[in-house]
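Everything on this sheet refers to the single structure shown next.
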Amino acid sequence: MHDTGFDGGRRLGVFVRNSGYLRKWLILGIVIGVIAGLGAVVFYLALNYTGEFLLGYLAGYHIPTPLVEGGNPGSSHYLRPWAIPSVTTAGALVSAMIVARFAPEATGHGTDSAIEAVHTDPRHIRARVVLVKMIASALTIGSGGSAGREGPTAQISAGFASLLTRRLHLSDADGRILVSLGVGAGIGAIFGAPLGGAVLAASIIYRDDFEYSTLYPGFITSATAYAVFGSFLRFDPMFGYVDAEYRFEHAWPLLWFIVLGGVAAAVGYLYARTFYGVVALTARLPGGPVLKPTIGGLLVGLLALAVPQILSSGYGWVQLASTKDALMAIPLWIVLVLPIVKIVATSLSIGTGGSGGIFGPGIVIGAFVGAAIWRLGDMFHLPGLPDGPGIFVVVGMMACLGSVAHAPLAVLTMVAEMTGSFSVVPGAIIAVGIASLLMHHTNVSIYHAQRLNRETGRLVHAPAPPGCNGFVSETRRKYRHWIEQGLTPETAGGS
């Protein structure tokens, strides 16, 4: 019997492969953009309903929400404190069981897996990983686990891009671009930041380079994903307009952004080292892939009894920190320790094998770095400080996450879109530039699958010339070892 579905897919594949550059990427870009937007909508709704039931109904605690989600200030205290660690533990347990049973590769934050697929085999992401990742992450974050919602959305669209690469028999080069587009469009859609998502697609796969061939299709894909997501939910900036009217009237207050950049780099460095330190420690400890994240969930729940701000994604706390009155209502000691405690909580939630993103927590960590610096400056009446914390909160997000993700331009653009705060750019480029230069010197990244640049990326996935398999394999092994150790060919020496 003739398989009409197979023939249709084959004909479509031939049509796409034989199309010119413009037509090919219009078709592929729009298709991936639609899937990325729909995937972001589905995951967003699943996460909201899960959180309302697990934390809201069972634990009796409502977390604050960002302005675009209603700007709810959340619960002022715990109604049932004992229920918090119970819910975080149960959520982590069920999530880990689903992942271990159906798709073990869905463990962790997901974005690294997509980046690795770009550099190795863009066809290898299994379709079931998408569904498992969505369910497991909704359970982890909805039950209070400290994680971001961008990892699952990135893997949804990257997984579909991988499926499309297989079914249409696209070339490796086109498949790598397609998976990169999926990552950027998924993250850009869930955060309502299409331009940042397009730039992110071209920059997140390297520590020290930029994939220009991904940028132009990225505009189409990210704009499409944003249009789909916004049509179902909203188009407004995630945090509203934070200090959108701020103006720099003198040069010397810009010195504050040198301080902010240095502190943000130090905290970003601590974030990456702590997270992967917990990953390494977890691998050495006894216990299976279900027990370890369950214990991590329990520890997060216990920690949240002292610092509720670590629960779930935490974007609502960023919203509160951006206004003076709300920030001043948060105890000073919590503002000061929250960046560190959020790092620990995210490491326990995801570094032990839970499911969720690590991009989102970086936003919260950076926001409270800026908030802490502003609170201290305000307390000691230091000169040149803005009247409100908003600009420090915004730039803190840009500098901390942009530097440790090695995507400063993408994150700067994305946060500006999320906050409607393009007026902060003069101060932001100082802080982000300093933080990125300091982080570049350390060779530390929150994404271990990133390659150093396009040359090392090509070396890893290029076919070996005839007769050179042994040499090429050994060279690739060295590059992978350097990448895992955070080294470059220059700093690796004789290793």
| task | Start with the C-alpha gap between Thr221 and Trp25, add the side-chain angles, then the distance that decides, and say whether side-chain contact (heavy atoms from CB on, under 4.5 Å) holds. | result | CA-CA 9 Å; Thr221 308; Trp25 288 112; over 6 Å; no

Donor-acceptor contact present, side-chain [X] to main-chain [Y], <3.5 Å:
X      : Y      : value
Thr140 : Gly354 : no
Thr442 : Val444 : yes
Thr153 : Glu150 : yes
Ser222 : Ala198 : yes
Gln309 : Leu338 : no
Arg80  : Leu58  : yes
Ser312 : Gly314 : no
Thr224 : Gly33  : no
Asn72  : Thr65  : no
Thr323 : Leu320 : yes

Between [X] and [Y], do the side chains contain an N or O donor and an N or O acceptor separated by less than 3.5 Å?
X      : Y      : answer
Ser347 : Thr274 : no
Glu52  : Tyr57  : no
Ser355 : Ser137 : yes

| request: Assign the ring pair Phe275 / Tyr271 to parallel, tilted or perpendicular, where the plane angle (0 to 90°) is split at 30° and 60°. | output: perpendicular

Heavy-atom neighbours of [X] [atom1] exceed 12 at 6.0 Å:
X      : atom1 : answer
Tyr49  : OH    : no
His440 : NE2   : no
Arg126 : CZ    : yes
Arg101 : CZ    : no

Just so I know, are the side chains of [X] and [Y] near enough to count as touching, which here means a heavy-atom distance under 4.5 Å?
X      : Y      : result
Ile205 : Gln450 : no
Pro389 : Arg375 : no
Pro237 : Met418 : no
Leu93  : Val290 : yes
Thr111 : Ile204 : yes
Leu28  : Leu178 : yes
Arg176 : Thr214 : no
Ile177 : Glu211 : no

Output the distance between atom [atom1] ([X]) and atom [atom2] ([Y]), rounded to the nearest 0.5 Å.
X      : Y      : atom1 : atom2 : result
Ile125 : Ile156 : CD1   : CD1   : 12.0 Å
Leu327 : Trp374 : CG    : CH2   : 6.5 Å
Asp378 : Ile373 : CG    : CD1   : 13.5 Å
Thr88  : Leu305 : OG1   : CG    : 8.5 Å
Lys133 : Ser113 : NZ    : OG    : 6.5 Å
Leu348 : Leu303 : CG    : CG    : 7.5 Å

Return the minimal non-hydrogen interatomic distance between [X] and [Y], and the atom names on each side.
X      : Y      : result
Gly108 : Ile350 : C-CG2, 3.7 Å
Ser313 : Ile141 : OG-CG2, 3.6 Å
Ala189 : Ala40  : CB-CB, 4.0 Å
Ala321 : Phe368 : CB-CZ, 3.8 Å
Ile310 : Lys342 : O-NZ, 3.1 Å
Pro194 : Glu417 : CD-OE2, 3.3 Å

Quick check, are the ring centers of [X] and [Y] under 6.0 angstrom apart?
X      : Y      : result
Phe248 : Tyr246 : yes
Tyr44  : Phe232 : no
Phe392 : Phe257 : yes
His448 : Tyr276 : yes

| message | Using side-chain contact (heavy atoms from CB on, under 4.5 Å), reason through His406 and Ile446 one step at a time and then give a plain yes or no. | response | CA-CA 8 Å; His406 290 265; Ile446 202 66; over 6 Å; no

| task | Could you check Val242 against Val393 for side-chain contact (heavy atoms from CB on, under 4.5 Å), going step by step and ending with a plain yes or no? | result | CA-CA 9 Å; Val242 180; Val393 168; 5.9 Å; no

| query | Yes or no on side-chain contact (heavy atoms from CB on, under 4.5 Å) for Ile343 and Val267, after CA distance, side-chain angles and deciding distance? | reply | CA-CA 9 Å; Ile343 289 171; Val267 175; 4.0 Å; yes

| field | From Met397, Gln319, Met238, residue fulfilling side chain to side chain contact (heavy atoms under 4.5 Å, CB included) relative to Thr419 | value | Met397

| query | Should Phe229 and Phe235 be marked as a ring-ring contact (aromatic ring centres under 6.0 Å, His included) after you check the CA-CA gap, both sets of side-chain angles, and the distance that decides it? | reply | CA-CA 8 Å; Phe229 184 80; Phe235 285 104; 8.8 Å; no

| query | Hey, are Glu69 and Arg149 close enough for a salt bridge, meaning a charged N less than 4.0 Å from a carboxylate O? | reply | yes

